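Positions are given from 1, in the same order as the sequence printed here. Heavy atoms only: backbone and side chains are in, while hydrogens, waters and symmetry mates are out. Predicted, not measured: the structure shown is a model, and the values here were computed from it.
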Amino acid sequence: QVQLVESGGGLVQAGGSLRLSCAGSGRTFSNYAMGWFRQAPGKEREFVAAISWSGGNTEYTQSVKGRFTISRDNAQNTVYLQMNSLKPEDTAVYYCAAATLRLGSLLKSEYHYWGQGTQVTVSS
């Protein structure tokens, strides 16, 4: 299995930027498609972005397209989420997850390994 640890969350003003990192350890990181999800208080955990095992394919939820960028560095066993033009509605706990797939998935059920989450708070 793979262990995942997120970092990079924090408090930022609307319009600002944050870069989340997710470090993987355990089994070969490049065997997994990776995803970012988020969960706001009182809401379901929702898909944000996904990237294929090679990094060649990415998917985004509509609300973050053009603002967020997912990337990965398999040599460093790390996946990133660059978040620009942040809005108060982006406030949530952000989780990275790993799936034994070549391409990323929008479905939570496809991901078997999850990190502990990192809080992102965007003030207005």
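The number of heavy-atom neighbours closer than 6.0 Å to CD of Glu59, taken from other residues, nucleotides and ligands shown, is 12 or below.
With rounding to the nearest 0.5 Å, the separation of CG in Leu107 from CG in Leu101 is 9.5 Å. The distance from atom CD of Gln13 to atom OG of Ser123, rounded to the nearest 0.5 Å, is 5.0 Å. Rounded to the nearest 0.5 angstrom, Tyr94 OH and Cys22 SG are separated by 15.0 Å. We find the OG-CG distance between Ser63 and Asp90 to be 7.0 Å, quoted to the nearest 0.5 Å. Leu18 contributes atom CG, which lies 5.5 Å from atom CG of Leu86 (distance to the nearest 0.5 angstrom).
Between the side chain of Ser54 and the backbone N or O of Gly56, at least one donor-acceptor pair lies under 3.5 Å. For Ser52 (side chain) and Asn57 (main-chain N/O), a donor-acceptor pair under 3.5 Å exists by modelled atom type. With hydrogens and angles ignored, the 3.5 Å screen pairs no side-chain donor or acceptor of Asn74 with any backbone N or O of Asn77. Of the possible polar contacts, one joining the Glu6 side chain to the Gln116 backbone as a donor-acceptor pair under 3.5 Å is found.
Counting only heavy atoms from C-beta outward, the side chains of Thr118 and Leu20 approach each other to under 4.5 Å. Contact check for Val48 versus Tyr60: no side-chain heavy atoms found under the 4.5 Å cut-off. At least one side-chain heavy atom of Val79 sits under 4.5 Å from a side-chain heavy atom of Ile70.
Among all heavy-atom pairs drawn from Val122 and Lys87, the shortest one is CB-O, 3.3 Å. Of all the heavy atoms in Gly104 and Ala50, the pair that sits closest is CA-CB, 3.9 Å. In terms of heavy-atom proximity, Ser21 sits nearest to Thr78 at CB-CG2, 4.3 Å. Taking all atoms of both residues into account, the shortest heavy-atom contact from Ser124 to Pro88 is CB-CG, 3.8 Å.
Note on Phe47: it does not cluster hydrophobically with Trp36, by side-chain heavy-atom contacts below 4.5 Å among ILVMFWY residues. Connection of Leu4 to Val120 is established within a shared hydrophobic cluster, with ILVMFWY side chains joined at heavy-atom distances below 4.5 Å, either directly or through further cluster members. Both Val12 and Met83 belong to a common hydrophobic cluster when Ile, Leu, Val, Met, Phe, Trp and Tyr are linked at side-chain heavy-atom distances under 4.5 angstrom. Linking ILVMFWY residues whenever their side-chain heavy atoms come closer than 4.5 Å, directly or via other members, leaves Trp53 and Phe29 in distinct clusters. Hydrophobic clustering (side-chain heavy atoms under 4.5 Å, transitive across Ile, Leu, Val, Met, Phe, Trp, Tyr) keeps Met34 apart from Leu106.
Cation-pi contact between Arg72 and Tyr80: absent, since separation from the ring centre below 6.0 Å together with deviation from the ring axis within 45° is not met. At least one test fails for Arg38 against the ring of Tyr95: distance under 6.0 Å to the centre or angle within 45° of the axis.
Below 30°, between 30° and 60°, or above 60°: for Tyr113 and Tyr32 the angle between ring planes is above 60°, a perpendicular geometry.
You'll find the ring centres of Tyr111 and Phe37 inside the 6.0 Å limit.
Under 3.5 Å, the side chains of Asn84 and Ser17 contain a donor-acceptor pair of N or O atoms.
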